[in-house]
Amino acid sequence: MIRFTHLRKTACFCLFLLTSACSGLPLRAKHDLIGMDRSDLIACAGVPDNVATLPDGEVLQWRQDQQVQGPLTLKGPFSLELDLSGHGTCHVIIRLRQGHVINVEYTGPSDTLLGHYAACVPLIQACEKRGYN
């Protein structure tokens, strides 16, 4: 019994660390990507879905319109399925001035069980891993 309790506590702690790491990534990116130049941004995030030119710079947008699910779906017999996870989409909007990132914002219903903005993680994960700041 003691081993099972210890194992359960360890599993819960690991799940907590995983979910907090995923949900924190977009928030960290809002600060870490500031100053990144346009070519490096496109190299890590890919070609943007939309580009708008402004008098003082430009706005780039990446879209994740396919529903991203959280990690909890229970399946039973007779094709019974219970989905307890959230579903989300995300649009990452990055503003540049003089070719450098000055602002990062997210729009869309991006909450899942992994946290607020969790649906945005696939869009900015490669840029965040590059370690800009």
Side-chain angles (χ1 to χ4, degrees):
M1 182 69 177
I2 294 174
R3 287 185 182 175
F4 179 71
T5 304
H6 178 69
L7 181 63
R8 188 173 65 189
K9 286 181 182 178
T10 302
C12 288
F13 181 70
C14 290
L15 182 61
F16 170 75
L17 287 178
L18 176 67
T19 58
S20 63
C22 288
S23 65
L25 185 76
L27 295 177
R28 283 195 314 272
K30 287 181 81 156
H31 302 286
D32 293 350
L33 300 184
I34 302 299
M36 179 184 282
D37 68 37
R38 187 182 197 283
S39 60
D40 286 339
L41 178 65
I42 291 175
C44 65
V47 177
D49 295 305
N50 294 311
V51 177
T53 303
L54 303 173
D56 64 341
E58 63 183 326
V59 176
L60 308 179
Q61 179 188 42
W62 289 263
R63 300 170 62 103
Q64 169 60 44
D65 288 328
Q66 189 173 22
Q67 293 273 322
V68 175
Q69 279 187 295
L72 192 55
T73 301
L74 304 173
K75 295 183 180 185
F78 308 111
S79 298
L80 177 65
E81 188 171 318
L82 177 62
D83 186 9
L84 301 175
S85 58
H87 298 271
T89 62
C90 182
H91 298 174
V92 176
I93 301 164
I94 298 182
R95 187 162 180 198
L96 295 111
R97 184 176 293 142
Q98 296 177 348
H100 290 85
V101 174
I102 62 167
N103 191 7
V104 178
E105 293 297 333
Y106 308 105
T107 64
S110 59
D111 288 342
T112 71
L113 282 181
L114 293 176
H116 197 56
Y117 301 130
C120 301
V121 170
L123 294 172
I124 50 91
Q125 190 168 24
C127 292
E128 182 62 23
K129 284 183 178 181
R130 288 188 126 180
Y132 285 91
N133 191 0

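Computation of the quantities below employed the complete heavy-atom set of this structure, encompassing side-chain atoms and omitting hydrogens, waters and symmetry-equivalent molecules.
Here the side chain of Trp62 pairs a donor or acceptor atom with the backbone of Gly46 at under 3.5 angstrom.
For the atom pair SG of Cys127 and CG of Asp32, the computed distance is 11.0 Å after rounding to the nearest 0.5 Å. Between atom CG of residue Leu96 and atom CD1 of residue Ile102 there is a gap of 7.5 Å, rounded to the nearest 0.5 Å. Residue Arg28 holds its CZ atom at 11.0 Å from CG of Leu33, rounded to the nearest 0.5 Å.
Side-chain contact between Asp49 and Gln61 is absent, with no heavy atoms from C-beta onward closer than 4.5 Å. In this structure, the side chains of Arg38 and Leu60 come closer than 4.5 Å at one or more pairs of heavy atoms. Residues Arg95 and Leu54 are in side-chain contact: their nearest non-hydrogen atoms beyond the backbone lie under 4.5 Å apart. Annotation: side chain of Asn50 is in contact with side chain of Arg63 (closest heavy-atom distance under 4.5 Å).
Hydrophobic clustering (side-chain heavy atoms under 4.5 Å, transitive across Ile, Leu, Val, Met, Phe, Trp, Tyr) groups Leu27 together with Ile34. Transitive grouping of hydrophobic side chains (ILVMFWY, heavy atoms separated by less than 4.5 Å) keeps Ile93 and Val51 in distinct clusters.
Taking all atoms of both residues into account, the shortest heavy-atom contact from Lys30 to Val104 is CE-O, 3.2 Å. The two residues Thr89 and Gln64 come nearest to each other via the heavy atoms CB-O, 3.2 Å. Pairing each heavy atom of Ala45 with each of Leu123, the nearest pair is CB-O, 4.2 Å. Across all their heavy atoms, Ile124 and Ala29 have their closest contact at CD1-CB, 3.9 Å. Between Val101 and Leu41, the shortest heavy-atom distance links the atoms CG2-CD2, 4.0 Å. Nearest approach of Cys120 to Tyr106, heavy atoms of both residues: SG-CD2, 3.7 Å.
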